[in-house]
Structure formats: structure tokens, C-alpha cells
Amino acid sequence: MLMLRATGLLLVILGIMWALQGAGLLEWPADSFMLGEQGWMWRGLGAAAAGAIILGLVQWRQRR
């Protein structure tokens, strides 16, 4: 369960970072190929959503 939780959290953090870079709101690192690329915004949102689902499933499983 710990590994799943860590994976979910990593996906959420990286997904948000990718989405912000793709939207042009986070310009770090300055030479990143993802900056301003809308495709990376959508990939980031998908990764963050997948991570949130994993975290939710882990939480649900522990309550059972």
C-alpha cells in the first residue's frame, strides 16, 4: 500500500507541474520543451487525475 500511495502522490505532483508548464503558468526550468505546449497540459491533467484515483482507491481499500 505504501508503494501505491507514493506512486499516486508522485503522479499528482508531476501531473500538476506538467499541466502548469504546458499552460505556460510555470516557466521552470526555463529551457523545458514542455513550456507553452498544450499537449503537456492535457497529459499533466491526466497524470494528476490518475494519481488522485490511485490515492482514492488506496484510501477506500484501507477503510474496508
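Hydrogens, waters and symmetry mates play no part in the numbers below; they use all other heavy atoms, side chains included. All values reported here derive from a predicted model rather than from experimental measurement.
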- Do Glu37 and Gln21 come close enough that some side-chain heavy atom pair is under 4.5 Å? no
- Can you name the closest pair of heavy atoms from Ala47 and Gly15 and give their distance? CB-CA, 4.0 Å
- Just wondering, are more than 12 heavy atoms of other shown residues or ligands nearer than 6.0 Å to CE in Met3? no
- If you take all heavy atoms of Leu55 and Arg5, which pair is closest and at what distance? CD2-O, 3.5 Å
- Message: Quick one, Met34 and Trp18 - any side-chain contact, counting heavy atoms below 4.5 Å?
- Response: yes
- Message: Are Val12 and Met1 linked, directly or through intermediate hydrophobic residues, by side-chain heavy-atom contacts shorter than 4.5 Å (ILVMFWY only)?
- Response: no
- Is it the case that more than 12 heavy atoms not belonging to Gln62 sit under 6.0 Å from its CD atom? yes
- Note on the structure: One should read off an interatomic distance between Gln59 CD and Arg64 CZ, to the nearest 0.5 angstrom, of 14.0 Å
- Between Arg63 and Trp60, is NZ or CZ placed under 6.0 angstrom from the six-membered ring centre and within 45° of the ring axis? no
- Message: Please report the interatomic distance CG(Leu9) to CG(Leu4), rounded to the nearest 0.5 Å.
- Response: 12.5 Å
- Examine Leu25 and Met17 and state if one hydrophobic cluster contains both, with Ile, Leu, Val, Met, Phe, Trp and Tyr joined whenever side-chain heavy atoms are less than 4.5 Å apart. yes
- Item | CD1-CG distance between Ile16 and Leu45, expressed to the nearest 0.5 angstrom | 9.0 Å
